[in-house]
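Each remark here refers to the structure printed beneath this line.
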Amino acid sequence: MIETHLSLLLVVIPLIAAPIVAILPNGRLPWLVTLLVSLSCLVLAIMQLWNVADGSIISYELGGWAPPWGIEYRIDVINAFVALLVAGVAAVTLPYALLSVEKEIPTKQISLFYSAFLLCLSGLLGITQTGDIFNLFVFLEISSLSSYALISLGKQRKALTAAYQYLFMGTIGATFILIGIGLAYAVTGTLNMADLAARLPEVEATRTLQTAFIFLLIGVAIKLAVFPLHLWLPNAYAYAPSVITIFLAATATKVAAYVLIRIIFTVFGASLAFQEMHIHWLLLPLASIAVISASLVAIFQYNIKRMLAYSSVAQIGYILLGIGIASATGLTASLLHLFNHALMKAALFMALGAVLYQVGSVALQDMAGLGRRMPWTMAAFVAGGLSLIGVPLTVGFISKLYLILAAFEQGWWWLIVVVAIGSLLAIVYIWRIVETAYFKPTSHSNVTEAPLSLLLPLWLIVIANFYFGIDTSLTVSVSESAANMLLGGKP
Amino acid sequence: MTAEQAILLAILIPLIGALLIGLTGKKPNLRETVSLLTSITLLGTVLSLLPTVLDGQQPSVTLLEIAPGLAIRFDLEPLGMLFACVAALLWPINTLYSIGYMRGNNEQHQTRFYICFAIALSSTMGIAMAGNLLTLFICYEVLTLSTYPLVTHKGNEDALKAGRVYLGILLSTSIGFLLLAILWTWHLTGTLDFKAGGILAGKVAGPELIILLFLYMYGIGKAALMPIHRWLPAAMVAPTPVSALLHAVAVVKAGVFSVVKVVVYVFGLDMLKISAGADWILWLAGFTILVASIIALRQDNLKRRLAYSTISQLSYVILAIFILAPLSTVAAALHIAAHAFGKITLFFAAGSIYTAAHKTSISQLNGIGYRMPWTMTAFSIGAISMIGLPPTAGFLSKWYMLMGAFQEQQLFAVLVIVASTLLNAAYFIPIIYAAWFKQPKQDEHEHSHGEAPRAIVLALMITAALTLLLFFFPDVPLQLATSLTGGHS
Amino acid sequence: MIEYILGHYNYWIVIFLMMTGFYIVISRGNMIKKIAGLNIFQVSVFLLYISIGNVRDGTAPIITEGFTVYSNPLPHVLILTAIVVGVATTSLALALVVRIREAYGTIEEDEIHNKDQSL
């Protein structure tokens, strides 16, 4: 029973739980329900990945309507992989959320907060499950709308303007996606992604089709915060509540990257994208600029959350580089980095959230001497930072390794240089904090270590950073078979 | 205990030591006992491996496999054995010295100091026994990171600034160049293991080979080939025991050791012989030797002069290996050991003078030999070894170097060695002369002082004695060094 | 040529509306006006969908005697969903503006910017 409806349950459980949580009394009950929901989602996602890990494809017809007329949920290894990432991050973030949310969100809004969180989770999981492109748009908007609301709940009033700005960028992006979907539908008469992929080769590469592709590309690029459409991201991440920053940084952009990969490789096909439209000559330079310029900007930030947000823009650049290379190794690198970057950013933002919880600020000068005051938190931050830099034995190394190998295969030297420069800049901006935290005298003498319920999830993620950097069998094999599948080969 | 277990133990013991030091941090006496015991245990473990390696065996152990062909693997070959022995032998002596020095100068954060020291030693063992480039790289980075708190030990603005230079140069060169070179090697050959004869042989040629060679040479920033040597003088803000062990033995030797390993086991001597790139490195090394010596001449701060002397001595090793003759390869390996003993003695002496007399400049040393006879005797022995005169270890390695250079008819190398020997003499002999034969200036606000604390004197006497002993009993290192070249020399 | 332009009049309307909305979003500093612009921007896309769905001489897609040509109902259904999304977006944006006004006392972007800078 559960086995057959796995993918539907993944979406529906949080969706149904959201209104229920909204009417629960403020207190710890909403949190408990949300935690249970996300844990069950995690279990379902693991089961799902287990089912498709061998390369099989599960098709689920929503309401019994056969595709392409009905909405089809179509699960292959890529969907399951991203769904597992989303559910996993949610499940780890929630134990952390209890105290952090109580501190940062007014009590009367707590049940609404968790309700919006569940909606966001439902939207993100929905994107990973659906095989229908219009349905994908709807889920994208569910997750986006709830994240605008969640971001606006940040303590500082700047959170409001950040959310407002994000709402505008996001809605314009969504409208672009809508136009793209409409044009693609006008050409092919179908909304099912697999069906679209099958019919598009029959249609000549008309201008309508290319326009549709470009609109979709730009729309998703806004959601993904591709340079130069990233302007909403630094403020949104910097002023959102800690838990939301952790969750969105680890999942929202990753899901958007997944959508981009789907649209390029599954729906429109690599040959249209790369051989006819040459989008790699757009993607690669933009991604390279993103890696270098965003890292440079990060060096000069004094709000550390903002600094990490810029670092996210740079890291998205790495994902795009892999997509732009468009070889099996390149895509593997992208998918690996999708997963790995979620792990490292979750660890870093969690550490920062713990600092915010104890110190009340994430400004650089307020972190002086914290290495002594909050040894576990700062050790976790250093570990996450090492992963971000790409030191061997961490996940960051694995994704950079594949990215550089992909560049070697193409013989693109400049790309290797870009990756190397990006890593060096990451050393600089991470080291500023390490130096301040460990070698500057402290200004607050009464700060103590963060509570255990913050530390445990934090260290769980840190350990994952190292575990998946050492035992890469799961991530690499899944990414490789996913990459082969996307390029049309056998997994 | 099998050899494989001993290898793992050699890396684990210092780590366990670090943990215990952390736990006993509140009780200085216990903490320092633990420190000493750890270092002695490590020495025992490393020495227990020596017969196996001298026997011609090459024990190896794979710890874990990250991806196919990408593993954490340790593999003990003769050169690594030599390096491990030198580092493990000098650690207990240095610990003894540190106890005297740190107490004598009332330094802060002593627990952190001993912990970082132990971690640094663990990573040094890892470098010495690394079985492939990845393992080498990881241990190399751990060494950089664990020595950073030691360099910035004082914690003032100067120390932090020097720390930034230290870390900036070492990390950026290693991640920017070395990692790139390693990945490139993997791309070319599909393996990162060290193999006799070189894994790159026949896989790369022409300009690519030269680029790759340069990436390796400048990626290994710890070898301090000019112009990326600046971190070494900067690191001299560290307390003297750190300068002594890490910046005369572990860190810089890890650099040149890696260079030798890369040349012998990754490129292979035979392939480099037919490539133009090797000559360029030879010239660069020669240039570094001479320029660093000239800079050393002009330094009045004793530790800075020693630092520049280290830079030039490191390039001796690079020069020797890039002569690409079996004899000079032996010289390179020998010089790693010989220079270690000599230089640590010199640094110990400098620290001894600082502790007892609070003097840091060479111009203040007139007549100090009579107040601190033991210290200055040891200093003289170390200096003679640096110049390369018998009966010290330095003579031995220089001798082999010259032989190798003649054998290959590398006139340039011969000239460099001769010229630099004169320069070495020019910057060391005045110190010795001043210490023993000049009268102390009368107008100085001289406070009376005698010898340094006993622990310090004991330590530097031991290393001075080792410098001499290595000249008279060079059998073990020589045997290790010759088996590096496959037995024929 | 004229025929081409007139024949595609629905597209011209869509493009005109879209650009108008986009211009308002970019040029106005008043947050409410921006929301209005965003709405015009979205509505233009709704029109695009609806006009695509129309089949010449077609009738409403209800099966009755005497009609064989029907308009395509699917775009209309889709756009119903999109309208719902649009309404949700607008209401969320309005709610944000209310909160911004509470926090800053103004809804002009430049004034808000000044207030943030002066801190």
Side-chain angles (χ1 to χ4, degrees), chain A residues 68-69 71 109 116 119 123 132-135 137-142 144-187 189-191 208 211 215 219 235 239, chain C residues 11 14-15 18 21-22 24-26 28 31 34-35 37-53 72 74-75 77-105 107 109 112-113 115-117 119:
Chain A
W69 298 283
I71 292 173
Q109 287 175 341
L119 276 179
D132 182 285
I133 199 163
F134 193 82
N135 199 223
F137 161 78
V138 173
F139 279 126
L140 201 59
E141 278 313 273
I142 291 178
S144 299
L145 283 170
S146 45
S147 53
Y148 308 145
L150 288 167
I151 288 168
S152 73
L153 291 175
K155 253 187 162 175
Q156 287 164 280
R157 62 181 183 180
K158 268 186 132 175
L160 294 168
T161 42
Y164 184 84
Q165 195 188 8
Y166 182 21
L167 183 141
F168 268 78
M169 293 286 276
T171 305
I172 290 171
T175 311
F176 272 39
I177 294 173
L178 197 60
I179 298 171
I181 294 173
L183 292 176
Y185 176 73
V187 179
T190 180
L191 290 168
T208 319
T211 317
F215 269 114
N235 276 335
Y239 298 112
Chain C
Y11 292 109
V14 166
I15 291 171
M18 184 182 271
F22 198 55
I24 295 172
V25 168
I26 292 173
R28 295 298 111 172
M31 289 183 155
K34 278 174 102 90
I35 294 174
L38 194 68
N39 264 307
I40 297 172
F41 185 71
Q42 285 179 300
V43 165
S44 71
V45 181
F46 302 164
L47 284 180
L48 174 76
Y49 266 71
I50 294 166
S51 62
I52 289 174
N72 185 350
L74 190 65
V77 178
L78 296 181
I79 240 45
L80 269 181
T81 319
I83 288 171
V84 174
V85 170
V87 169
T89 312
T90 309
S91 53
L92 183 61
L94 287 171
L96 275 176
V97 173
V98 170
R99 289 284 311 278
I100 288 173
R101 158 120 183 141
E102 281 171 6
Y104 288 89
I107 54 167
E109 277 194 328
I112 290 171
H113 185 72
K115 289 199 173 182
D116 275 335
Q117 292 305 89
L119 280 178

Got [X] and [Y] here, is their nearest side-chain heavy-atom distance under 4.5 Å?
{"X": "A/Ile172", "Y": "C/Leu38", "value": "yes"}
{"X": "C/His113", "Y": "C/Glu109", "value": "no"}
{"X": "A/Phe134", "Y": "C/Thr81", "value": "yes"}

With only heavy atoms counted, which part of C/Tyr104 is less than 4.5 Å from chain A, the side chain, the backbone, both or neither?
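It is both, since atoms from each part get that close.
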Can you say whether C/Met18 sits under 4.5 Å from chain A via the side chain, the backbone, both, or neither, judging by heavy atoms?
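Just its side chain gets close to chain A.
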Quick check on the 6.0 Å ring-centre criterion: do C/Tyr49 and C/Phe46 meet it?
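Centroid distance C/Tyr49-C/Phe46: not below 6.0 Å, so no.
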Based on non-hydrogen pairs under 4.5 Å, which of C/Ile35, C/Val84, C/Val25, C/Ile112 is most in contact with chain A?
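With the most close heavy-atom pairs to chain A, the winner is C/Ile35.
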Name the member of C/Ile79, C/Val14, C/Leu48, C/Val85 that forms the most heavy-atom pairs with chain A at distances under 4.5 Å.
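It is C/Val85.
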Contact residues of residues 159-168 of chain A (partner chain C; heavy-atom separation under 4.5 angstrom):
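From residues 159-168 of chain A, the residues near chain C are A/Leu160, A/Thr161, A/Ala163, A/Tyr164, A/Leu167, A/Phe168.
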Closest approach of A/Thr190 to A/Tyr185 (non-hydrogen atoms, all atoms of both residues):
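Heavy atoms of A/Thr190 and A/Tyr185 come nearest at N-CD1, 3.6 Å.
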What closest approach, in Å, do A/Ala116 and A/Leu150 show between heavy atoms, and which atom pair accounts for it?
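Scanning both residues, the minimum pair turns out to be CB-CD2, 3.7 Å.
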A/Lys158 (side chain) donor-acceptor with A/Tyr239 (main chain) under 3.5 angstrom
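Checked: no pair found.
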Could you go through residues 173-184 of chain A and list every donor-acceptor pair under 3.5 Å that involves a side-chain atom there, pairing it with any protein atom two or more places apart or in another chain?
residue, atom, partner, partner atom, Å
A/Thr175, OG1, A/Thr171, O, 2.7

